[in-house]
Amino acid sequence: MTNDYVIQRRIKKEKLRRKARRGEIALRRIYKLIRFIFILFIFYSLYRLAIANYWFLSPDIYDVPTGKNIEIMGNQIVSDEKILKEMKKIPIKNIPIYKINPAEMTVQIEKLSPVKRAYVRRYWFPARFVVMIEEVTPAITISPAEDTPEVAAFALTGEMIGREYLPLKENSNAVKILSYGTKGDDYEKWDTEKINNLYKLAKTIEQYTGERVLYIDLRIPHNAFVQIETSKIKLGEIDVSVYERIKSIHDILPAVKQLKLKAKYIDLSWKDAKYIKEDTEAD
């Protein structure tokens, strides 16, 4: 093998190696260019996504809620309108939803007296709010007469529920109390213990009778009456013996339902004597 042949072969190999290297360099440059373009595309897409209309809430969503942009759950006392009015105090115009602090809306909603806790959850795409409300439990309502709307209401915690939240919804478990709020018995001064005792009394009577308590009449001092669905019960003074006295209603009530004459009331005002007062004026 001559020296010329060896030299030519080496030159040929070097040319092929240089050519392959130039190809690798060109390929790397193409990859870098593609990666750069892809990164630019990602940033552009993120930018377009950030300014997309889907992130922004319409300023009038509080005036015309569709249910798709705001959903309110758990409220029985506070109306949707009052909740939306509080949320409206937090500006949302030209602000994407991911920059809106839901904690600020929570603080505003919890200023409503019947609201114990509120939780506002935001969903980014599409932009919407879900509001979950936990309210105080209504215990009693106050009315001056049977057919008169309530003028006040109290929660189990003893706090008064403002008139702007009345009347309560029909499915409320609050007990209706008839009271004039006069003669030294101002219901606005009732403490938590008295409110809870009246609520407990109504629920105990419902347990023994199997009927719903329509109202407790406290308009005559020391002579309370309870109206259930089929009968009226005279309790007299509500003292420590009242729970012992109402136990006998379970045995007396069936006899009342069998009377030919309409019973005026069932008298449980005495500890050792229970009787049925017949209504002699009934047809």
Side-chain angles (χ1 to χ4, degrees), residues 72-83 86 106-120 131-146 148-219 221-222 224-229 233 235-247 249 268:
I72 302 175
M73 301 182 296
N75 56 315
Q76 294 292 324
I77 303 174
V78 183
S79 65
D80 291 353
E81 290 73 17
K82 291 186 181 297
I83 295 173
E86 294 301 318
T106 298
V107 171
Q108 287 298 131
I109 296 172
E110 288 181 347
K111 290 180 180 179
L112 300 171
S113 58
V115 177
K116 288 174 62 178
R117 279 179 289 272
Y119 178 66
V120 180
V131 183
M132 289 166 280
I133 303 295
E134 182 182 353
E135 298 175 327
V136 296
T137 302
I140 63 173
T141 62
I142 308 295
S143 299
E146 296 93 323
T148 303
E150 54 259 41
V151 295
F154 294 89
L156 283 174
T157 52
E159 59 187 316
M160 178 179 285
I161 299 172
R163 289 196 180 190
E164 64 270 26
Y165 304 107
L166 302 178
L168 299 179
K169 294 184 178 180
E170 293 183 359
N171 59 353
S172 169
N173 290 323
V175 179
K176 187 173 186 177
I177 307 295
L178 304 186
S179 174
Y180 296 129
T182 57
K183 298 180 181 180
D185 192 24
D186 185 358
Y187 54 78
E188 292 187 1
K189 298 179 180 179
W190 289 356
D191 56 17
T192 304
E193 183 180 2
K194 181 166 184 176
I195 292 170
N196 280 268
N197 284 339
L198 290 172
Y199 182 80
K200 178 184 176 183
L201 177 64
K203 298 308 171 182
T204 303
I205 292 174
E206 289 179 348
Q207 179 181 357
Y208 280 111
T209 63
E211 299 182 19
R212 186 168 64 93
V213 170
L214 302 182
Y215 60 81
I216 298 177
D217 190 348
L218 302 181
R219 291 175 295 183
H222 310 297
F225 283 84
V226 178
Q227 179 67 57
I228 58 177
E229 293 173 324
I233 304 170
L235 290 181
E237 187 171 1
I238 300 178
D239 53 19
V240 293
S241 67
V242 67
Y243 291 101
E244 189 66 29
R245 286 185 273 128
I246 63 177
K247 288 182 180 180
I249 191 66
L268 301 181

S.K.: Please lay out, stage by stage, how Tyr165 and Ser113 fare under the test side chain to side chain contact (heavy atoms under 4.5 Å, CB included).
M.R.: CA-CA 10 Å; Tyr165 304 107; Ser113 58; 3.5 Å; yes

S.K.: Taking only residues two or more places apart in sequence or in another chain, which ones pass side-chain contact (heavy atoms from CB on, under 4.5 Å) with Ala139?
M.R.: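 With sequence neighbours excluded, Ala139 shows a side-chain contact (heavy atoms from CB on, under 4.5 Å) to Leu156, Ile195, Tyr199, given in chain and number order.
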
S.K.: Take atom NZ of Lys203 as the centre, draw a 6.0 Å sphere, and report whether it contains more than 12 heavy atoms from other residues, nucleotides or ligands.
M.R.: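 Yes, the 6.0 Å shell around NZ holds more than 12 heavy atoms from other groups.
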
S.K.: Side chains of Ser179 and Trp190, heavy atoms from C-beta outward: is any pair under 4.5 Å?
M.R.: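 SC-SC contact between Ser179 and Trp190 confirmed.
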
S.K.: Taking C-beta and beyond as the side chain, do Leu201 and Leu235 meet within less than 4.5 Å on heavy atoms?
M.R.: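 Side-chain contact under 4.5 Å: yes.
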
S.K.: Would you name the heavy atoms of Ile161 and Pro114 that are closest together and state the gap between them?
M.R.: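 Reported closest heavy-atom pair: CG2-CG, 4.3 Å.
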
S.K.: Within the 4.5 Å heavy-atom criterion, are Phe154 and Ile177 side-chain neighbours or not?
M.R.: no

S.K.: Any sub-3.5 Å donor-acceptor pair from Arg212's side-chain atoms to Glu229's backbone N or O?
M.R.: no

S.K.: Do you know the tightest heavy-atom contact between Leu218 and Ala224?
M.R.: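 In this case the closest contact between Leu218 and Ala224 is CD2-CB, 3.7 Å.
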
S.K.: Take Lys194 and Asn197 through the test side chain to side chain contact (heavy atoms under 4.5 Å, CB included) and record every step on the way to the result.
M.R.: CA-CA 5 Å; Lys194 181 166 184 176; Asn197 284 339; 5.5 Å; no

S.K.: Indicate yes or no: does Glu159 engage Lys116 in a salt bridge with an N to O separation below 4.0 Å.
M.R.: no

S.K.: Would you name the heavy atoms of Pro144 and Pro149 that are closest together and state the gap between them?
M.R.: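 So the two residues come closest at CD-O, 4.3 Å.
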
S.K.: Mind checking side-chain contact (heavy atoms from CB on, under 4.5 Å) for Glu135 and listing every partner two or more places apart, or none if nothing turns up?
M.R.: Asn75, Gln76, Ile77, Val78, Ile133

S.K.: Output yes when a side-chain donor or acceptor of Arg219 lies under 3.5 Å from a complementary backbone atom of Leu178, and no otherwise.
M.R.: no

S.K.: Measuring only between side-chain heavy atoms, which start at C-beta, is Arg245 closer than 4.5 Å to Ile233?
M.R.: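 Not touching, per the 4.5 Å side-chain cut-off.
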
S.K.: Measuring from Tyr119:OH to Met132:CE, what's the distance to the nearest 0.5 Å?
M.R.: 5.5 Å

S.K.: Taking all non-hydrogen atoms of both residues, which atom of Ala118 and which atom of Ile109 are closest, and how far apart?
M.R.: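 Where Ala118 meets Ile109 most closely, the heavy atoms are CB-CG2, 3.7 Å.
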
S.K.: Counting N and O atoms only, with roles assigned by atom type, does the side chain of Arg163 sit under 3.5 Å from a partner on the main chain of Val151, one being a donor and the other an acceptor?
M.R.: yes

S.K.: Which value, rounded to the nearest 0.5 Å, describes the distance between Asp80 atom CG and Met73 atom CE?
M.R.: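 These two atoms lie 11.5 Å from each other.
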
S.K.: Got Glu150 and Leu168 here, is their nearest side-chain heavy-atom distance under 4.5 Å?
M.R.: yes

S.K.: If you look at every heavy atom in Gln108 and Glu86, which pair is closest and at what distance?
M.R.: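 So the two residues come closest at NE2-OE1, 3.2 Å.
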
S.K.: Determine, step by step, whether Ile205 and Ile249 satisfy the side chain to side chain contact (heavy atoms under 4.5 Å, CB included) criterion, reporting the C-alpha distance in whole Å, the side-chain angles of both residues, the deciding distance to 0.1 Å, and the verdict.
M.R.: CA-CA 8 Å; Ile205 292 174; Ile249 191 66; 5.8 Å; no

S.K.: Is there a donor-acceptor pair under 3.5 Å between the side chain of Lys176 and the backbone N or O of Glu146?
M.R.: yes

S.K.: Of the options Val213, Ile238, Leu214, which is the one that meets Val226 in a side chain to side chain contact (heavy atoms under 4.5 Å, CB included)?
M.R.: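 When Val213, Ile238, Leu214 are each tested with Val226, the side chain to side chain contact (heavy atoms under 4.5 Å, CB included) holds only for Val213.
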
S.K.: Tell me, please, which residues at least two apart from Lys189 pass side-chain contact (heavy atoms from CB on, under 4.5 Å).
M.R.: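 Lys189 satisfies side-chain contact (heavy atoms from CB on, under 4.5 Å) with Asp186 only.
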
S.K.: Would you mind reporting whether Tyr187 and Ile140 have side-chain heavy atoms less than 4.5 Å apart?
M.R.: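 No, too far: nothing below the 4.5 Å cut-off.
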
